[in-house]
**Student:** 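Here's a structure for you.
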Amino acid sequence: MDYVSNTEQERQQMLKEIGVEAIEDIFDSIPDEVKLNRELDVSEGMSELELKRHINKIADTNISLENYTSFLGGGAYDHYVPSIIDHLISRQEFYTAYTPYQAELSQGTLQVVYEYQSMISELTGMDVANASLLDGSSATAEAILMASRISRNKKVLISSALHPSYREVAKTYGKPKNLDFVEISIEDGVTNLEELEDNLDNDVAAIVVQYPNFYGSIENMEKIKQLKEEYKKVLLIVVANPIALGLLTPPKEFGADIVTGEGQSLGNTINYGGPYLGYLACINDRKFIRQIPGRIAGATVDVDGNRGYVLTLQTREQHIRRERATSNMCTNEALNAAISTIYMATMGKKGMKEVAEQSYKKAHYLADKIDELEDFEVVNTDNFFHEFWVKTKLPVKKVLSSLKEEKILGGIDISRFEEEEGILISVTEKRTKEELDNLVRLLEAM
Amino acid sequence: MDYVSNTEQERQQMLKEIGVEAIEDIFDSIPDEVKLNRELDVSEGMSELELKRHINKIADTNISLENYTSFLGGGAYDHYVPSIIDHLISRQEFYTAYTPYQAELSQGTLQVVYEYQSMISELTGMDVANASLLDGSSATAEAILMASRISRNKKVLISSALHPSYREVAKTYGKPKNLDFVEISIEDGVTNLEELEDNLDNDVAAIVVQYPNFYGSIENMEKIKQLKEEYKKVLLIVVANPIALGLLTPPKEFGADIVTGEGQSLGNTINYGGPYLGYLACINDRKFIRQIPGRIAGATVDVDGNRGYVLTLQTREQHIRRERATSNMCTNEALNAAISTIYMATMGKKGMKEVAEQSYKKAHYLADKIDELEDFEVVNTDNFFHEFWVKTKLPVKKVLSSLKEEKILGGIDISRFEEEEGILISVTEKRTKEELDNLVRLLEAM
Amino acid sequence: MAEKLIIDYSSSGRKGYSLPPLDVPDINIEDNLESKYVRKDLNFPEVSEVDVVRHYTALSELNYGVDSGIYPLGSCTMKYNPKRNEDIARIEKLTQIHPYQSDDDVQGSLQILHELKTDLAEISGMDEMTLQPASGAHGEFTGLLIIRKYFEDKGIEKTKVIVPDSAHGTNPASAVMAGFDIVEIDSNEQGMVDLEKLKEAVDDDVAALMLTNPNTLGIFEKDIKEIADIIHDVGGLLYYDGANLNAVMGYARPGDMDFDVLHLNLHKTFSTPHGGGGPGSGTVGVKEFLKPYLPRPLLVKEEDKYYWDYDRPKSIGKVHGFYGNYGVLIRAYSYIKTLGYKGLKKTTENAVLNANYMKAKLKEDFVLPYEENSLHEFVLSGIKQKEKGVSTLNIAKRLLDYGQYAPTIYFPLVVKEAMMIEPTETENIETLNKFIDTLKIISKEIEDNPEIVKNAPHNTSVRKLDEAKAAREPDLKW
Amino acid sequence: MAEKLIIDYSSSGRKGYSLPPLDVPDINIEDNLESKYVRKDLNFPEVSEVDVVRHYTALSELNYGVDSGIYPLGSCTMKYNPKRNEDIARIEKLTQIHPYQSDDDVQGSLQILHELKTDLAEISGMDEMTLQPASGAHGEFTGLLIIRKYFEDKGIEKTKVIVPDSAHGTNPASAVMAGFDIVEIDSNEQGMVDLEKLKEAVDDDVAALMLTNPNTLGIFEKDIKEIADIIHDVGGLLYYDGANLNAVMGYARPGDMDFDVLHLNLHKTFSTPHGGGGPGSGTVGVKEFLKPYLPRPLLVKEEDKYYWDYDRPKSIGKVHGFYGNYGVLIRAYSYIKTLGYKGLKKTTENAVLNANYMKAKLKEDFVLPYEENSLHEFVLSGIKQKEKGVSTLNIAKRLLDYGQYAPTIYFPLVVKEAMMIEPTETENIETLNKFIDTLKIISKEIEDNPEIVKNAPHNTSVRKLDEAKAAREPDLKW
Ligand SMILES: Cc1ncc(COP(=O)(O)O)c(C=O)c1O
Ligand SMILES: Cc1ncc(COP(=O)(O)O)c(C=O)c1O
């Protein structure tokens, strides 16, 4: 099976027009020494029916959230995704389109990006947002690079309560630029602010904290704001879960200069980690806007004075500025941004709040119950959003594997990141009281 | 949860415009004596998430063809449905549209119907087809009523090898018109043509045979044609499986005046029996065309001379002719007809043939193997298309229930129709050799 | 804009499908099958998958759906079709089941169907329902056959069905198919059944009166109890055409109005998509005494087990090859479960509110032939505009130019130049205002520049189509 | 035609979502959370489900997708996106898995990913692949970090990356992000790497040369082996930008051309949809000696078990939070399994055939700056038309008026008034002819009536947009 339309006869006709005898002739420009003189060692093609059977059979060996109750989070959250989203982004006009190079025939995509930027700005409290980056981790890395360019500094104070993978990606990105990452340790599940203070000086490019942080805790943002404000050049980067911002005060109010993070929780399916989308927003300052990585859509008018949308401020970008671009970003996560746009529009003012509040209340209900159990202790009982850190005297691996036998994915074994121990439990609005009580019952019985 | 857009404030504003105080006031025109003075005894509404969980839980108790191998047919066939069909008919412009009353804003639907009529005509060999009827059984009934109106006769010779449910529906429809159904018995899985001949006279409105018939057999169509031609007024109605017509000679060549049947096999999912679609096609004769039930689309031109499509010959229909209409047909099975249109276009000249041939070959492979088994005998070994009648000394119910334990739906227990005994086994191109061999192995071991 | 026919994309040798290779030993079919049964050729398109996708995508763009905007077809209840219902109707465990699987195999589906019919019976006030009829008209036919069979069973001969002049065309057509003669009665000045005329028309031959309530003018027949008595007094039955149930859910039930038989159009009130003309579902409800006559099989629940009961000796027989339009029924179930009793009532309230709001706003510009309280829909007359030489048809076509669908026109027949408007509850005040404003603009155009309306539509993919030519020179296939 | 913003549909109190009621005991959040952390308000739209559906449906109608027609963007490989791949990427057993489930839980998905990377390695001639990069540029960055790390590990200092002037902007941008200095070299008269200039540019500081082959003019760098030798001789490495792999599948492999590192754009060659600008996938392949430096974790198969290997001390580290754009990878897998080795080769053949056919037909009307054999794409110049005062931008906009998308314009930079045309294999001779004819019509319009071209587009939902104003007075949110 292939997707070639032309028939043999049509091919012959075309070859004649071109003036060659056979298709192979056109490939004559490839020297023999690099020509492949065998068939590719790839399997035979399949009909659609065989393909579906083949893949379904493989897929069936997965254990999936369809029939397992999940308490896994750690940057990928199992929130409810309204039906209409997939119906809308399945319109071919959206999902098969390219980057809107011809704005006049791409107003759909462009307006969606503009709406996305508007809602991300509102949610974070910031003034300007871009059209998306590749994921939360790389967006964090890009934000750090951006901060370093703006402040012309290389030292980055990064909270150890920032997602371990985000820290790793940030370092991968920062290394070629000789960024100097200072990891601020954690205490009781939050960043040690004394240590932060000790390391602060005017050589610091940025402070990077997560809100809520990797362990689910809400940092002392007010204190961070105070610290930051003592040093004019230091930027504050807040990596925020946008769902939490339905309930929590926007980072802007705590002095954030750049807010970034993972947009998955806004309507994107869990999908084993991708495609997700990184969002990035900053304050309204020319120095900042000129340094934003990635695409930005803006409103303008056409020759008749009618409103329309275009990609704008492109002189930051690689296709114009090449080696002087703010980033190499080209393809981003436009369809995921469209998903998040439709999600935010559907949930709206009330729904964004309700999702956050329900997640909060259910998580706290569960944490309180678990904290009462003898063998378990919640590290951050009070100050978490919808994810919390449980320590236990029992072997974590055994706890989680017994739960799996009961069709429960009980949380993340924190030791997988080789820094701390315990279980990271995440609760979204999808979890029912019955599921929470069941988990408590099982833990109690261990 | 509901789908009402207006807010309470908007409702108040509207009430003011109307000039009433409360919504209830508008319902004052309903006399108290018939007003419901309690709430409906229907459950509380559900959010989308609850709904999906609720229904999935119920659905999980079904045994489905997803993981059972099915040899069930009997008018509902498990052919392969190409992916693109659902993508295309899921475009809201198709599936949420009404009957194309405003032709100028419904050219999509209308052209699809025109293409459907064209391909149904070609497939059956007939000259004119309508836009669809409710299903195969009611289409057969409508064809019989149509034949009776044309011939002005009441006697209908109906083959007992016509699907039992179709015969029942035909009688339900025929009774108020005092049609006189004479059932012609079967012999070796085909219609007893001597008996047919004996009953033929000039009072007969129509002969009704199925092609292939309920037992899968291909009737002696040539003989039927000869018999029919001896009586000028007698019409021949052929109820045909359109998939079979990819391989079999079109009924027109055997003298059919009306060809009708079930269109499900053309790309419609099995869906527990509906929605399916009845198709109906006839010869190009004014007397016939004037008597066609249901809608018909036709090509015409607009005021600028450009080609376009409309519903036409509407003076046959209920909304114009009311009690003098050819039928009460209003809503038909337009979306299913669209599915079948896309199916026929996708399969095309070669695919229609290949599906039919593969089904034929696989069915014959299986029948030959089963016929070799000691306890089983195929009634119609040679002359069937893709479905055959197996008799067995073993208790049919036990045979089928043991197969079910092996995740096989082994066929239809013919005794459910209270006429004959045995198993009706259907094989489509989807069944693999492995599945066929496995069935044989299991039957052999019984 | 025009899109050619799929056959015109054909190119010999192109393929749009793929099948697994034949895995049983190949045979020469003509060795088995006499060659006269082997088809010689099939002139079908030969196109690629891309061709098919692009062609039908292009055709879809020539259409207008509910997601495109308001669809105010009176009597058609073109409400929003919830996307979640589409998802649910595609759950494989629900769709991948064969109608001849045993009842044990499909208890889940039978539970859904049983809960659905129980809810529908409660909503309409009936005692039992069949899910078999596949459309409203099919439901009417089924209902009338039940009436016929009932009288036959009782040994009573009845030949006539009374139908008001405002009735939908399917009513008389169905009654004729069920073997009855039609007696049409005129409406009174308020657009309702004229009790005097009804009394005159009624005699012992009357098997049934068919009524929709509110009627096709959107007006509730307030004398319904008296009407029922008149019919019942001569031993006749009352048939309810459920096309307008959206006007009364939670407020009144046909069963309580003494209707004996009814059908419900699930593709109207219960939000299942119209699909460009179908599929629908016209489930039929009856009062207890008519239960024996329902089509077979009937879905029965016994001690938490569901099964199809075929042993129904008095049944009219089957009206559908299987059990009805199952996929449509699943969607209706999903809708009712979503709304619950509160949502159903709110639906009706807002359908009625929206219609009355539009009526209040539009009656200045168009003649409102019946001032009566109307519920979920109302009928305007274009006679004033007709005086300027502009017909209701012209107005309808002009609406298309403004990117909005037109109301039902020239129905009911009792209103000249009728425009029958039913907004449904899923429209909001802005979309209503937009439609109202557009009609007002057109009304103004008729004053100032009637030609632009008379020659409409101008902006559609084709302009006004020649229907006479289509009928005179039928071109029904390529 | 214009569609207002979603916020402009907002009406206080409207709701488009539904959630189950809270089933745990309710608490007052402010009892737990200091009030300074509790958000005071959120100015988000308040709209109904119907509003959302209609709004985004309306927006979609202002867009053009591959199913709308030809999309001849050079370098972008806008081929048909098979619908079956969309279905497969939505199988719940594949999508409803969490990235922190144990490897044991997700052996099925890991098998798919492993088979995919094995196939991609075979197609491109590399020894090992990482699936982590989420776009082409991300792949370039990853590849260059690998090169950097390799030299670091070997203790060799290298600072420069050579990039031809015809290279895509991401090439130099990625190299700079990876900490290198850029040396740009001019192409020769045939549009290929100028060997003399290359030799001049090369020295011991050169870490890598980045090349795409065929290059952005669609021309195969026939001296590739010599180029490789020049680079390898100074200890540098060869980087292959895989954006143009559609030109050579089954005919030649970058690995056999002595490239050491490459990325593949699965959203080009392997048919995954572009989504209006993403998501994509830029999987990176390397030769054996670079394997230790690949991002961690690396997918490994051991005795029929698949697992993520994190224990990779020489790795550059992670470049993605999880494992890459899994949903895109699933689609690419589905595509490769569908085509098989024969289909892949046929794909390339027809992509090349289509491009050469168009080139043959269009070179009469437009200047063809490089006569060389080109493969899957070619670049025309609008300089002749420019003399009449009509720019390539004008021509592009005029194409939109004819309902077709425009080619890539003003790229590569080496061609003045460039139009870079890549039809892909999924177009057929009719759609090619239609596009060719349209360009010929426009070419004629430029002779006869250049104004109509200069003022294009005329038929789109908005006309030519003022980009300068957009940049001068940024309006980036509502
Ligand atoms: C009042 C009324 N009765 C009956 C019908 C017939 O219903 P259906 O189209 O489902 O056959 C309709 C549908 O238009 C109607 O409006
Ligand atoms: C030649 C070339 N290289 C690199 C890229 C960058 O790929 P991506 O957009 O996936 O980042 C592109 C895409 O346009 C390209 O055409």
Side-chain angles (χ1 to χ4, degrees), chain A residues 2 4-5 10 14 18 23 29 34 40 42 44-45 58-59 61-65 72 88 91-93 95-99 104-105 107-109 118 121 134 137 168 172 176 272-275 298-300 302 308 312 318-319 322-323 325 328 330-335 345-346 349 351 365 433, chain D residues 6 16-17 23-24 44 56 59-60 62-67 93-94 96-100 105 108 134-135 137 169 172-174 176 179 182 220 257 273-280 317-318 321-322 325-326 340-341 343 349-350 356-357 360 373 428-429 460 462-463 465-466 470 475 477-478:
Chain A
D2 58 68
V4 170
S5 259
E10 286 161 342
M14 290 164 75
I18 297 168
I23 283 188
S29 64
V34 297
L40 286 172
V42 167
E44 286 275 352
I58 298 177
T61 66
N62 278 350
I63 279 180
S64 85
L65 275 49
L72 295 166
L88 290 167
R91 292 196 47 94
Q92 68 89 13
E93 294 88 336
Y95 83 91
T96 76
Y98 203 73
T99 303
E104 296 84 356
L105 215 51
Q107 286 295 296
T109 295
S118 300
S121 298
L134 298 173
S137 74
E168 185 171 343
T172 307
Y272 202 51
T300 185
D302 73 2
T312 192
Q318 49 74 27
H319 62 288
R322 300 175 74 86
E323 65 261 37
N328 66 342
C330 182
T331 289
N332 59 18
E333 305 285 327
L335 198 68
T346 303
K349 185 190 187 85
Y365 172 82
K433 179 164 181 299
Chain D
I6 187 72
Y17 76 99
D23 59 355
V24 299
F44 259 35
Y56 292 102
L59 285 185
S60 78
L62 307 179
N63 253 16
Y64 181 98
V66 174
D67 296 350
K93 280 269 187 184
L94 292 181
Q96 292 300 318
I97 59 174
H98 190 283
Y100 291 138
D105 289 2
S135 72
S174 299
V176 164
I182 304 304
F220 196 89
M257 303 172 206
H274 283 70
K318 287 174 78 60
F322 300 103
N325 277 346
Y326 171 79
Y341 67 94
E349 283 172 358
N350 283 275
N356 276 273
Y357 174 75
N373 281 334
N428 61 35
I429 188 167
T460 42
V462 287
R463 296 195 49 216
L465 290 159
D466 188 344
D475 172 356
K477 63 176 174 117
W478 60 53

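When reading the values below, keep in mind they use all heavy atoms of this one structure, side chains included, and skip hydrogens, waters and symmetry mates. Residue numbering restarts at 1 for every chain, and letters A, B, ... go by the order of the sequence lines.
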**Student:** With chain D, which of A:Ala299, A:Ser121, A:Cys330 has the greatest number of heavy-atom pairs at distances under 4.5 Å?
**Tutor:** A:Ala299
**Student:** What are the two closest non-hydrogen atoms of A:Pro275 and D:Pro279, and how far apart are they?
**Tutor:** CB-CB, 3.5 Å
**Student:** Could you report the tightest heavy-atom contact between D:Ile97 and A:Ile63, atom names first, then the distance?
**Tutor:** CG2-O, 3.5 Å
**Student:** D:Ser135 versus A:Asn332: any side-chain heavy-atom pair under 4.5 Å?
**Tutor:** no
**Student:** Working to the nearest 0.5 angstrom, can you tell me the gap between A:Arg91 CZ and D:Asp67 CG?
**Tutor:**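 The CG atom of D:Asp67 is 11.0 Å from CZ of A:Arg91, to the nearest 0.5 Å.
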**Student:** Specify which of A:Gly308, A:Gly298, A:Gly273, A:Ala325 makes the most heavy-atom pairs with chain D at under 4.5 Å.
**Tutor:**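 Highest number of heavy-atom pairs under 4.5 Å: A:Gly273.
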**Student:** Which one wins on heavy-atom pair count under 4.5 Å against chain A: D:Asp23, D:Asn373, D:Val176?
**Tutor:**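 With the most close heavy-atom pairs to chain A, the winner is D:Asp23.
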**Student:** Could you check whether any side-chain N or O of A:Thr300 sits under 3.5 Å from a backbone N or O of D:Leu465, counting only pairs where one atom can act as donor and the other as acceptor?
**Tutor:**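 Side chain of A:Thr300 to backbone of D:Leu465: no pair is present.
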**Student:** Which heavy atom of D:Gly278 sits nearest a heavy atom of A:Thr331, and at what distance?
**Tutor:**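 Looking at all heavy atoms of both residues, the shortest contact is CA-CG2, 3.8 Å.
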**Student:** Measuring from atom OG1 of A:Thr109 to atom NE2 of D:His274, what distance do you get when rounded to the nearest 0.5 angstrom?
**Tutor:**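 Reported to 0.5 Å precision, the distance equals 12.5 Å.
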**Student:** For the backbone of D:Lys318 and the side chain of A:Thr172, can you confirm whether one donor and one acceptor N or O come within less than 3.5 Å of each other?
**Tutor:** yes
**Student:** Which atoms of A:Leu105 are under 4.5 Å from chain D, going by heavy atoms: the side chain, the backbone, both sets, or neither?
**Tutor:**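 Looking at A:Leu105, backbone and side chain both touch chain D.
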**Student:** In terms of heavy-atom pairs under 4.5 Å, which option from D:Gly277, D:Gly169, D:Gly179 contacts chain A the most?
**Tutor:** D:Gly277
**Student:** Go through the atoms of A:Tyr365 and report whether side chain, backbone, both or neither lie under 4.5 Å from a heavy atom of chain D.
**Tutor:**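 Side chain of A:Tyr365 only, per the 4.5 Å heavy-atom cut-off to chain D.
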**Student:** Using a 4.5 Å cut-off on heavy atoms from C-beta on, say whether the side chain of A:Glu44 contacts that of D:Tyr341.
**Tutor:** yes
**Student:** Among all residues two or more places apart in sequence or in another chain, which pass the side chain to side chain donor-acceptor pair (under 3.5 Å) test with A:Gln92?
**Tutor:**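 A:Gln92 satisfies side chain to side chain donor-acceptor pair (under 3.5 Å) with A:Thr96, D:Ser68 once adjacent residues are dropped.
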**Student:** Excluding sequence neighbours, so at least two apart, what forms side chain to side chain donor-acceptor pair (under 3.5 Å) with A:Ser64?
**Tutor:**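 Residues passing side chain to side chain donor-acceptor pair (under 3.5 Å) with A:Ser64: A:Glu66.
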**Student:** Of the non-hydrogen atoms in A:Ala345 and D:Ile6, which two are nearest, and what is the gap between them?
**Tutor:**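 Heavy-atom minimum between the residues: CB-CG1, 3.9 Å.
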**Student:** Do you know which of D:Tyr357, D:Tyr17, D:Tyr64, D:Phe220 has the most heavy-atom pairs under 4.5 Å to chain A?
**Tutor:**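 Among the listed options, the one with the most contacts to chain A is D:Tyr17.
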**Student:** For each of D:Gly65, D:Gly108, D:Ala137, D:Gly275, tally heavy-atom pairs with chain A at distances under 4.5 Å, and name the one with the top tally.
**Tutor:**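 Between D:Gly65, D:Gly108, D:Ala137, D:Gly275, the count favours D:Gly275.
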**Student:** Looking only at the side chains, is there a donor atom on one of D:Asn325 and A:Glu333 sitting less than 3.5 Å from an acceptor on the other?
**Tutor:**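 Yes, side-chain donor-acceptor contact under 3.5 Å.
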**Student:** Checking the side chain of A:Asp302 only, and the main-chain atoms of D:Arg463 only, is there a donor and an acceptor separated by less than 3.5 Å?
**Tutor:** yes
**Student:** Nearest 0.5 angstrom please: A:Leu65 CG to D:Asp105 CG, how far?
**Tutor:** 9.5 Å
**Student:** Between D:Ala360, D:Ser60, D:Ser174, D:Gly280, which has the largest tally of heavy atom pairs under 4.5 Å with chain A?
**Tutor:**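 Max contact count across the listed options: D:Ser60.
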**Student:** With chain A as the partner, which of D:Leu59, D:Asn63, D:Ile429 has the greatest number of non-hydrogen pairs under 4.5 Å?
**Tutor:**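 Ranked by contacts with chain A, first place is D:Asn63.
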**Student:** Pick whichever of A:Thr99, A:Val42, A:Leu72, A:Asn62 has the most heavy-atom pairs under 4.5 Å with chain D.
**Tutor:** A:Asn62
